[in-house]
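Here's the structure we're looking at; comments come further down.
Note: hydrogens, waters and symmetry copies are ignored here, and every other heavy atom, side chains too, is used. Not measured: the values here are computed from a predicted model.
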Amino acid sequence: MNRWLALLPLVVLTGLAALFIGWSLKRDPAFKPDAMVGQPIPETVLPMLTGDTAGPGNLDLKTAGVGKPMLVNVFASWCAPCRIEHPKLLALKARGVAVVGVAYKDEPVATRAFLDELGDPYSMVLVDREGRAGLDLGISGVPETFAVDALGRITAKQSGPLLNEADIERLVASMQAPPRAAPTAESGPR
């Protein structure tokens with residue numbers, strides 16, 4: 001009887017390992033949750049980066065777009081993939097695409113040094129030292145980029161660095177409002 005009790009932890013551990021392996025084989029490693037797509041962008045209020053300090057002005061993510069489509073790029077100076085995607089963000093700025101940066105869990109001095117070294121692709125940078133906006137957006141890491149339409153609705157998301165043109169064009173195309181027919185006298189209420 002004691003011998004069987006001594007083997008019980010080994011049997012339980014083997015069973016748990018089998019469950020974990022079974023779950024791992026069924027899980028899609030390329031799955032990236034897009035829970036916020038189709039939702040309004042959170043109205044998280046953050047200080048704006050002014051020079052190398054946070055503030056004095058504050059702004060919420062929704063107002064940052066001033067009623068125009070924008071990309072919201074969550075980045076950090078300590079993030080290696082953020083350095084890799086940076087030239088793509090500079091190219092978006094050159095095309096006239098509004099990109100709002102959210103400096104995630106970063107010190108303003110480090111953020112400013114990062115932007116001074118690599119160039120500033122952002123129309124504005126909001127400082128998210130505590131990671132509140134990251135939580136509200138549901139990010140899993142940095143960098144992540146959200147396409148937001150003129151109405152403040154998230155239309156697409158890219159987890160990880162922007163590396164290929166197809167992903168960039170998908171984001172840019174998704175944030176443009178679909179064409180709507182102009183109202184006419186015949187289409188009014190009856």
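Qualifying salt bridge (charged side-chain N to carboxylate O under 4.0 Å, His left out) partners for Arg83, counting only residues two or more places apart in sequence or in other chains: Glu117.
A 4.5 Å side-chain heavy-atom check between Leu46 and Val127 finds every atom pair outside the cut-off. Looking at Arg112 and Ser77, their side chains never come closer than 4.5 Å, going by heavy atoms from C-beta outward. Pro108 places none of its side-chain heavy atoms less than 4.5 Å from the side chain of Asp52. In this structure, the side chains of Leu151 and Lys62 stay at 4.5 Å or more apart for every pair of heavy atoms. In this structure the side chain of Leu137 never reaches within 4.5 angstrom of the side chain of Thr44, judged on heavy atoms. By the 4.5 Å heavy-atom criterion applied to side chains, Tyr122 and Leu115 are counted as neighbours. Residues Cys79 and Val142 have side chains in contact (heavy-atom distance under 4.5 Å, counting atoms from C-beta outward). Taking the side chain as every heavy atom from C-beta outward, Leu162 and Leu171 approach each other to under 4.5 Å.
Residue Pro87 comes nearest to Ile84 through the heavy atom pair CD-O, 3.3 Å, listed as atom of the first residue, atom of the second, then distance. Of all heavy-atom pairs spanning Thr111 and Ala103, the tightest one is OG1-CB, 3.6 Å. Residues Lys157 and Gly138 share a closest heavy-atom pair of NZ-O, 4.1 Å. What you find for Lys105 and Trp78 is that their closest heavy atoms are O-NE1, 3.1 Å. Minimum heavy-atom separation, Arg95 to Val172: NH2-CG1, 3.8 Å. Pro42 and Leu61 get closest at one heavy-atom pair: O-CB, 3.3 Å.
There is a path of hydrophobic side-chain contacts, each under 4.5 Å, that joins Val74 to Met48. In the hydrophobic cluster analysis, where Ile, Leu, Val, Met, Phe, Trp and Tyr join through side-chain heavy atoms closer than 4.5 angstrom, Phe75 is grouped apart from Leu90. A continuous path of hydrophobic side-chain contacts links Met36 to Ile41 [ILVMFWY only; heavy atoms under 4.5 Å]. Linking ILVMFWY side-chain heavy atoms closer than 4.5 Å, directly or via other members, places Val37 and Met70 in a single hydrophobic cluster.
Using a 3.5 Å distance cut-off with no hydrogens or angles, the side chains of Asp149 and Thr155 do not pair a donor with an acceptor.
Two rings, from His86 and Phe114, have their centers less than 6.0 Å apart.
Using a distance-only test at 3.5 Å, with no hydrogens or angles considered, no donor-acceptor pair links the side chain of Glu85 to the main chain of Pro81. A donor-acceptor pair is defined here as one N or O able to donate and one able to accept, closer than 3.5 Å; such a pair exists between the side chain of Thr50 and the backbone of Gly55. The main-chain N or O of Val72 is never found under 3.5 Å from a side-chain atom of Thr145 such that the two would form a donor-acceptor pair.
With respect to Asp136 and Arg132, no salt bridge is recorded, no charged nitrogen being found less than 4.0 Å from a carboxylate O.
Surrounding NZ of Lys93 are more than 12 heavy atoms belonging to other residues, nucleotides or ligands, all under 6.0 Å away.
Distance OG/Ser123 to CG/Leu71: 9.5 Å, rounded to 0.5 Å. Expressed to the nearest 0.5 Å, how far OG1 of Thr63 lies from CD of Glu43 amounts to 6.5 Å.
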